Amino acid sequence: DALDPERLMQCPYNKHHQIRASRFPYHLVKCKKNYPDIAKELATCPFNARHLVPRADLSNHLTKCNDRGFIEQDIVNQSTGFQRKQLNAVSTWQAPPCAEDWETDSLEQSGSPFVWGMTKSDGKRSFSSSATSEEKNRLPSRLRAPEFLPYTISWK
């Protein structure tokens, strides 16, 4: 029943507040601001921040706290190296060989790169607005180039 999010818990700042366990951490922050005098008198358990006890009773609470066992178990696991062995495990995965060579691919491409508005005629490049779309670009027939640029060219 300790893990039930609908379980009602009593607020340490105001005994009349009954809060669902799922909302309890948020309520503690809010009530701490609303009751600063009571907040000064309470100490937070190092094993569970939801445990707020009077400062005088903190040492007694620490010896009886149910969450102490979880922390102690973590300390035991760390001292035996249980977690370190898992973190230091070496991966045997290797990247597959890559057959791509972008430099070779760029050299093998025929012709010069596409430049908007430029046509290639007799090995020379010239600007032409009357060229057909196939001369202007080498796009497949299902694609077409825009009829105008969204900006003006400063060198025109």
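Everything numeric here is computed off the predicted structure, so don't read it as measured data. All residue numbers in this chain count up from 1 along the given sequence.
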Show every ring-ring contact (aromatic ring centres under 6.0 Å, His included) that has at least one partner inside residues 38-68, sequence neighbours left out. His51-His61
Sub-4.5 Å side-chain heavy-atom contact between Leu28 and Leu52: yes
Side chain to side chain donor-acceptor pair (under 3.5 Å) partners for Glu100, two or more places apart: Trp102
Closest contact, heavy atoms only, Ala43 versus Leu58: CB-CD2, 3.9 Å
Closest non-hydrogen contact found for Pro12 with Phe24 is CD-CZ, 3.9 Å
Report the distance from atom [atom1] of [X] to atom [atom2] of [Y], rounding to the nearest 0.5 Å.
{"X": "Arg68", "Y": "Asn48", "atom1": "CZ", "atom2": "CG", "answer": "14.0 Å"}
{"X": "Lys30", "Y": "Cys11", "atom1": "NZ", "atom2": "SG", "answer": "10.0 Å"}
{"X": "Leu62", "Y": "Asp67", "atom1": "CG", "atom2": "CG", "answer": "11.5 Å"}

According to side-chain hydrogen bond (donor to acceptor under 3.5 Å, both in side chains), does anything in residues 17-29 pair up with another residue at least two apart or in another chain? List the pairs. Asn14-His17, His17-His27
Supply the members, apart from Val29, of the Ile/Leu/Val/Met/Phe/Trp/Tyr cluster built from side-chain contacts under 4.5 Å; use none for a lone residue. none
Tyr13 with Val53, same ILVMFWY side-chain cluster at under 4.5 Å: no
Does atom CG (Asn34) have a neighbourhood of more than 12 heavy atoms from anything else shown, all under 6.0 Å? yes
Can you list every salt bridge (charged side-chain N to carboxylate O under 4.0 Å, His left out) pair that touches residues 31-58, not counting sequence neighbours? none
